[in-house]
Asks: 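My questions will all concern the structure given below.
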Number of protein chains: 2
Amino acid sequence: MPAKDAFAIGALSEETGVNIETIRYYERIGLLRKAARSAAGYRLYRPGDVARLCFVRRARDLGFSLEDVRRLLALADRESRSCEGAKKIAEAHLEEVRAKLVDLRQMERVLAATVKACGRGTVPDCPLLGSLGRLT
Amino acid sequence: MPAKDAFAIGALSEETGVNIETIRYYERIGLLRKAARSAAGYRLYRPGDVARLCFVRRARDLGFSLEDVRRLLALADRESRSCEGAKKIAEAHLEEVRAKLVDLRQMERVLAATVKACGRGTVPDCPLLGSLGRLT
DNA sequence: GTTGAGTCTGTAGTCGCTACAGGCTGTACC
DNA sequence: GGTACAGCCTGTAGCGACTACAGACTCAAC
């Protein structure tokens with residue numbers, strides 16, 4: 001018999017803001033442990049699962065990959081004496097984010113300039129299409 | 001018989017910096033027209049194809065989706081009288097880029113603060129893991 | 001009893017490539 | 001002519017991180 005504080009996947013989804021399909025996906029790939037089941041085969045969750053999934057969600061919001069999240073969860077689970085591991089993961093990710101920012105800012109600059117130059121003239125003269133390259 | 005300025009896919013890849021597999025992929029999904037073939041079935045390209053693929057590459061570098069690229073190519077092809085269409089596509093894309101920039105900057109801020117706070121103390125106290133959520 | 005919402009599994013689709021396997025071709029050298 | 005080796009071919013499957021079904025079952029309310 002299920003414990004009385006257990007709830008189904010819909011409630012977990014509601015609580016955490018994580019899509020039901022995504023929760024099942026996380027279980028399938030082993031990011032979340034296999035949930036307990038009711039007699040009818042429904043997944044049953046308990047309050048601790050909300051915390052765990054919120055952790056995943058926040059990490060995802062910060063752009064960590066699922067592989068990173070997996071490692072962070074493992075680190076959070078075992079009470080080892082330092083969080084050096086977590087820091088390394090976060091630092092590496094921060095580097096990636098910063099690299100992406102550089103790329104994206106560059107894109108933004110070029111796009112903004114291009115759009116600004118556009119909107120007058122015909123296609124053969126269109127600065128936007130022209131800046132992408134002349135087709136022969 | 002192939003024209004004398006024709007070249008194979010490897011040369012096109014070299015010229016444009018686009019991976020061979022990617023070129024074939026673009027052809028498969030109809031982004032590039034089907035290439036002419038040699039007697040032995042090798043794809044044959046001409047200088048105009050370099051220009052076209054460079055156009056695609058630059059658009060991709062600016063973050064346009066392949067669907068956008070397809071539309072931009074179509075607009076560049078027909079010599080219609082205005083480039084309003086191209087401008088609309090670029091403006092919409094610019095909006096997306098800016099939205100992503102906002103997200104990424106937010107990520108960067110939070111991550112940087114978290115990493116900074118981390119690196120002293122044990123896992124139960126780790127500010128990084130703690131900031132993601134306490135697991136029960 | 002019946003409706004409707006919730007849940008289940010399994011599979012396939014998305015985007016934009018990338019990486020094979022297994023075979024043919026083209027060229028250079030001996 | 002033989003042989004090595006690079007280059008090209010098709011077709012399929014994989015990546016990450018979901019998302020969207022189909023078709024079946026269950027649960028709660030009326």
Side-chain angles (χ1 to χ4, degrees), chain A residues 1-2 4 6-32 34-45 49 53 55-73 89 92-93 96-97 100 103 107, chain B residues 1-2 4 6-32 34-45 49 53 55-73 93 96-97 100 103 107:
Chain A
M1 58 179 168
K4 51 180 169 304
F7 44 89
I9 198 167
L12 180 63
S13 170
E14 199 80 355
E15 284 294 305
T16 58
V18 178
N19 195 319
I20 289 180
E21 311 262 25
T22 305
I23 297 172
R24 287 199 274 249
Y25 169 69
Y26 285 167
E27 182 183 302
R28 197 161 63 244
I29 65 168
L31 187 70
L32 300 178
K34 300 213 162 192
R37 296 296 181 122
S38 76
Y42 282 26
R43 286 173 184 81
L44 291 179
Y45 297 97
D49 297 316
L53 189 49
F55 182 102
V56 173
R57 182 162 137 58
R58 274 192 289 272
R60 291 290 302 133
D61 284 349
L62 287 174
F64 285 102
S65 70
L66 289 183
E67 199 41 53
D68 280 348
V69 175
R70 198 192 296 272
R71 289 195 208 105
L72 289 170
L73 277 173
I89 292 170
H93 179 50
E96 283 169 27
V97 167
K100 251 186 223 156
D103 284 358
M107 275 187 207
Chain B
M1 59 179 168
K4 52 180 168 303
F7 44 89
I9 198 168
L12 181 62
S13 169
E14 199 80 355
E15 285 293 305
T16 57
V18 177
N19 196 319
I20 289 180
E21 312 262 26
T22 306
I23 298 172
R24 288 200 274 247
Y25 169 69
Y26 286 167
E27 182 183 301
R28 197 161 62 245
I29 64 167
L31 187 70
L32 301 178
K34 300 212 163 193
R37 296 296 181 124
S38 76
Y42 283 26
R43 284 172 184 81
L44 291 178
Y45 298 98
D49 297 315
L53 189 49
F55 182 102
V56 172
R57 183 163 137 57
R58 274 193 289 272
R60 292 290 302 134
D61 285 348
L62 287 174
F64 286 102
S65 70
L66 289 183
E67 199 43 51
D68 280 349
V69 175
R70 196 191 298 272
R71 289 195 209 106
L72 289 171
L73 276 173
H93 178 51
E96 282 169 29
V97 167
K100 252 187 222 155
D103 284 357
M107 275 188 207

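Letters A, B, ... are given to chains in the order of the sequence lines, protein chains preceding strands, and every chain is numbered from 1.
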Asks: Quick one: side chains of residues 9-17 of chain A, donor-acceptor pairs under 3.5 Å with protein atoms, not counting sequence neighbours, listed by atom name and distance.
Replies:
| from | atom 1 | to | atom 2 | distance (Å) |
| --- | --- | --- | --- | --- |
| A/Ser13 | OG | A/Val18 | O | 2.7 |
| A/Thr16 | OG1 | A/Leu12 | O | 2.7 |
| A/Thr16 | OG1 | A/Val18 | N | 3.2 |

Asks: Once side chain to side chain donor-acceptor pair (under 3.5 Å) is applied, what residue pairs with a partner in residues 58-69 of chain B remain, sequence neighbours excluded?
Replies: B/Arg57-B/Asp61, B/Glu67-B/Arg70, B/Asp68-B/Arg71

Asks: Could you tell me whether the phosphate oxygens of D/dT10, OP1 or OP2, come under 4.0 Å of any side-chain nitrogen or oxygen in B/Arg24?
Replies: no

Asks: Round to a whole Å and report the spacing from CZ of B/Phe7 to P of D/dG7.
Replies: 16 Å

Asks: Under 4.0 Å, heavy atoms only, any strand: does A/Ile29 hit a base, just the sugar-phosphate, or nothing?
Replies: nothing

Asks: Just to confirm, is there a sub-4.0 Å distance from OP1 or OP2 of C/dT18 to any side-chain nitrogen or oxygen of B/Asn19?
Replies: yes

Asks: Once you round it to whole Å, what is the distance between P of D/dC18 and CD1 of A/Ile20?
Replies: 15 Å

Asks: As a test of reading the structure: which of C/dC8, D/dA17, D/dT26 is closest to the side chain of A/Ser65, going by heavy atoms?
Replies: D/dA17

Asks: Side chains of A/Leu66 and A/Tyr26: closer than 4.5 Å at any heavy-atom pair?
Replies: yes

Asks: Rounding to an integer number of Å, can you tell me how far B/Arg28 CZ sits from D/dT10 P?
Replies: 10 Å

Asks: Start at the 5' end of DNA chain D and walk down; is the nucleotide closest to A/Glu21 or to A/Ala39 reached first?
Replies: A/Glu21

Asks: Would you say B/Arg60 places a side-chain N or O within less than 4.0 Å of OP1 or OP2 belonging to C/dC15?
Replies: no

Asks: Using heavy atoms to find the nearest nucleotide of DNA chain C for B/Thr22 and A/Ala8 separately, return the residue whose nucleotide is more 5′.
Replies: A/Ala8

Asks: Tell me which nucleotide among D/dT10, D/dT19, D/dC8 gets nearest to the side chain of B/Arg37.
Replies: D/dT10

Asks: Is there side-chain contact between B/Asn19 and B/Tyr25, with heavy atoms separated by less than 4.5 Å?
Replies: no

Asks: In whole angstrom, what separates B/Glu14's CD from D/dA6's P?
Replies: 15 Å

Asks: Starting from C1' on C/dT9, measure out to CD1 on A/Ile23 and report it in whole angstrom.
Replies: 16 Å

Asks: OP1 or OP2 of C/dT9 less than 4.0 angstrom from a side-chain nitrogen or oxygen of A/Arg43, does that happen here?
Replies: yes

Asks: Test for a donor-acceptor pair under 3.5 Å between the base of D/dG7 and the side chain of B/Tyr42, counting only N and O atoms.
Replies: yes

Asks: Could you please name the option among D/dC8, C/dC17, D/dC18 that lies closest to any side-chain atom of B/Leu66?
Replies: C/dC17

Asks: Would you kindly give the OH-to-P distance between B/Tyr25 and C/dT14, to the nearest whole Å?
Replies: 10 Å

Asks: If you look at every strand shown and take non-hydrogen atoms under 4.0 Å, does A/Tyr26 touch a base, only sugar-phosphate, or nothing?
Replies: sugar-phosphate

Asks: Taking CZ from B/Phe64 and P from C/dC15, how many angstroms apart are they, rounded to a whole number?
Replies: 17 Å

Asks: Check A/Ala35 against A/Tyr45 and note the closest heavy-atom contact, atom names and distance.
Replies: CB-CE2, 3.6 Å

Asks: Measure from OH on B/Tyr45 to P on D/dG7 and round the result to the nearest Å.
Replies: 16 Å

